[in-house]
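Remember, it's 1-based here, ligands and their atoms both numbered in the order they're listed.
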Amino acid sequence: MIVEIALDKEFDYSIPSSLQRAVRIGSQVIVPFGPRKITGYVVGLPESSSHDKLKPIQRIVGDQPLITETIVKLARWMAAYYVCPLEQAVRTVLPSVVRRTSRKFKQVLHVSVTVPLPLPETEWAALKKRAPKQARVLEFLSKEPFITLPRLAQETGESAAVVRALAKKEWLKLEPLAVDRNPFERYEVVPTEPLTLMPQQRAALDQILQSIQTLDPAVTLLFGVTGSGKTEVYLQALQAVLDAGQGAIVLVPEIALTPQTVERFRARFGDVVAVLHSHLSGGERHDEWHRIRDGRARIAIGARSALFAPIEKLGLIVVDEEHEQSYKQEEAPRYNARDVAVVRGRMENCAVVLGSATPGLESVHNTHCKKYALAHMPARVDHRKMPMIQVVDMRLEMEREGKLNVLSRELMEAIQDRLSRGEQTILFLNRRGYATSLMCPKCGYVAECSLCSISMTYHKTTHDLRCHLCGGIQRVPARCPNPECQDPDFRYGGLGTQRVENVVSTLFSKARVKRMDADTTTRKEAYSELLGAFRAGEIDILLGTQMIAKGLDFPNVTLVGVINADIALHMPDFRAGERTFQLLTQVAGRAGRGDVEGEVIVQTFTPFHPAIQAARQLDYERFFDQEIEYRRELKYPPFAHLISLTVRGADENTVLHACERVLATLKPQLDQQVIYGEPAPAPIARVKGDYRYQLMFRTPRVRKVTDPLRQILSEYKWPRGVRYAMDVDALSLL
Ligand code: ADP
Ligand code: ZN
């Protein structure tokens, strides 16, 4: 069993005979630990122990285990694969609102009538005269004899005191009962019926149904262009699973988990759908989780962590937009929900569907190796055309205009065109803030964060410089801070969403322009409010960061402009090409979802880059063929697993030395097939004042590195203040 404190260790306890039957794997229990009593989880039931004097488990919390046996197994797998303590993995699979024993179901007073109604004629007349308010309440209750107190008060307009008076006479009963906090109470859903499938959807569904039946193979990659109708395929596959008495999990990326998305599932399946979402209140999350645990909900929808929903008799896991980076958790354990979904599927003998318009290279590669089945949907529903993509060479544009404008002439004219036709435009830019950086045009000085080695971002509304890594704020210098320069013409280089917003609002002064990025959506509801206004046609031009790039479906958007396609290309990362291709394709998918054909204009300084060219033609195959060769040659994923160990601390030498020591101990134990480099500064070499060094490994099998490394990391005497982070199957190398 494990305890809820940070010790990477399991402890043995004996089970007193009174608890013998109740204690199961996954049970939450209270145990003596030194002088204290603490909570822990049962993670194994061994017959014997190597210790002879065992303390007994004191008591058990709740009447059924919080975690199912498979999820305990999954946590064990994650701890081993991603190199983290088991209790950290257990914390990951069990939401804190459920773990904390203090969190309870919400109780509400319910009213039920205890006298026969209607009252005899004379008694009724007397009551109406003596206590007309009480009579009104009783009259209402004769129609609805069981109701919550707040609703009764609301319906009758009478105060709770009136009701209590009746309760005192024992004409009715008041009792507290548990109610679910339903996060979707406010949303009306209109039920939908299954659609008649298009041939490509039919074929995809058949493939998935076969996989559910035979598990051979158990994973299907549903590769369908945006608008090809993937959701309808999921819905009908889910129906089949429900009909067979099984349950399912649907994962969507955090930013796609909007009420509209959830509504499509609730409209088909009603209350058997539960939602697990970080935006819900703690109480709502607690209740939704228990609805699943009790079996009242059979389909769990949510972002990354919904993968651990305690659905029993799991029949299907759907991972929508499987290529999304947000499936990877950025803190330990750095797991990728897409990959863990496949593992859970294997443990539970359940099928997995990975869906995307731009699947990750790894998944497509797996279909080529026949590990996954492929269901391809190359056409849009109703054969609407994919949008035209036009690439604008900003170098030529700059020559022609004599200066660099935010919007090229092509893009400007296209926007004007939409405005005059009453159609909508999305402008996409991968940076928030006003300008990326402050740059001196004379000496090239760039304002950097003094603690983190990245450039500061200028924010216009607050007129200051902010570091997007540590949140640090600096004032804008009046002249170039370089002592040898001090040029007063210190200017803004690069572009941010705020600056684009200014330019666009000035150019199109009559248009209704709104910006959507992490800065304008800090409030919980802001995101859906903005989208709602856009959907209702109250905004002509919506501009924003990747938040608006994905999954949204607006029929009246006929133009998408990408202000600067190069930003993602210049990241120090071997996946830069893949990311750029995916991003452009996804953004393009936002245009022309209605009856009018869409147009996409991409501004770039590197128009002939293969990723941009492939995206221009929406040619996934071409992109894949180029990219996979490069990966094969350099032994990058999917031909190897990438593992990084990042060590950080205040003193550079100590950090570097720790890296060297770890590597020196590890080297003799490494298999010949493992490729690694010497310790190197991380691409972001400093964060919050700490120095960061990395060790990188590429290996055909993860365990070849992690097995010896885990041992070394736990035995090594880490200098004070030096910390490390393991990332197995790292996605970001920053
Ligand atoms: P994707 O998720 O692949 O981008 P969607 O599932 O959002 O595509 O489908 C795009 C649109 O097509 C939706 O409005 C959906 O209701 C509609 N649609 C999907 N399948 C069908 C079908 N078989 N017949 C008619 N309309 C469909
Ligand atoms: Zn910083």
Of the choices [options], which has the non-hydrogen atom that lies closest to [atom]?
{"atom": "atom 1 (P) of ligand 1", "options": "Gly227, Pro199, Pro555", "answer": "Gly227"}
{"atom": "atom 17 (C) of ligand 1", "options": "Val381, Thr192, Asp320", "answer": "Val381"}
{"atom": "atom 7 (O) of ligand 1", "options": "Lys230, Gln200, Arg264, Glu232", "answer": "Arg264"}

Please report whether ligand 1 has a polar contact with Leu195, defined as an N or O pair separated by less than 3.5 Å (distance criterion only).
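Looking only at distances, the answer is no, because the N/O contact criterion of under 3.5 Å is not met.
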Polar proximity ligand 1 side, Thr226 side, N/O cut 3.5 Å exclusive:
no
Evaluate the side-chain hydrogen bond (donor to acceptor under 3.5 Å, both in side chains) criterion for residues Glu322 and Ser363: first the C-alpha distance (whole Å), next the side-chain angles of each, then the deciding distance (0.1 Å), finally the verdict.
CA-CA 9 Å; Glu322 64 93 35; Ser363 300; 2.7 Å; yes
Which atoms of ligand 1 sit under 4.0 Å from any heavy atom of [X]?
{"X": "Thr196", "result": "22 (C), 23 (N), 24 (N)"}
{"X": "Thr231", "result": "2 (O), 6 (O)"}
{"X": "Met198", "result": "23 (N)"}
{"X": "Val225", "result": "3 (O)"}
{"X": "Leu197", "result": "23 (N)"}

Quick one: do the [X] and [Y] side chains pair a donor with an acceptor below 3.5 Å?
{"X": "Gln236", "Y": "Glu232", "value": "yes"}
{"X": "Thr68", "Y": "Glu312", "value": "no"}
{"X": "Asp243", "Y": "Gln239", "value": "yes"}
{"X": "Ser408", "Y": "Gln603", "value": "yes"}

Is ligand 1 under 4.0 Å from a heavy atom in the side chain of Gln201, in the backbone, in both, or in neither?
side chain
Tell me whether the centres of the aromatic rings in Phe581 and His323 are closer together than 6.0 Å.
no
If you count every heavy atom of other residues, nucleotides or ligands that lies below 6.0 Å from Glu629 atom CD, does the total exceed 12?
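Atom CD in Glu629 is packed in, count exceeds 12.
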So with a 6.0 Å cut-off around CD of Glu538, is the heavy-atom count from everything else above 12?
yes
Does Ser228 have a heavy atom less than 4.0 Å from any atom of ligand 1?
yes
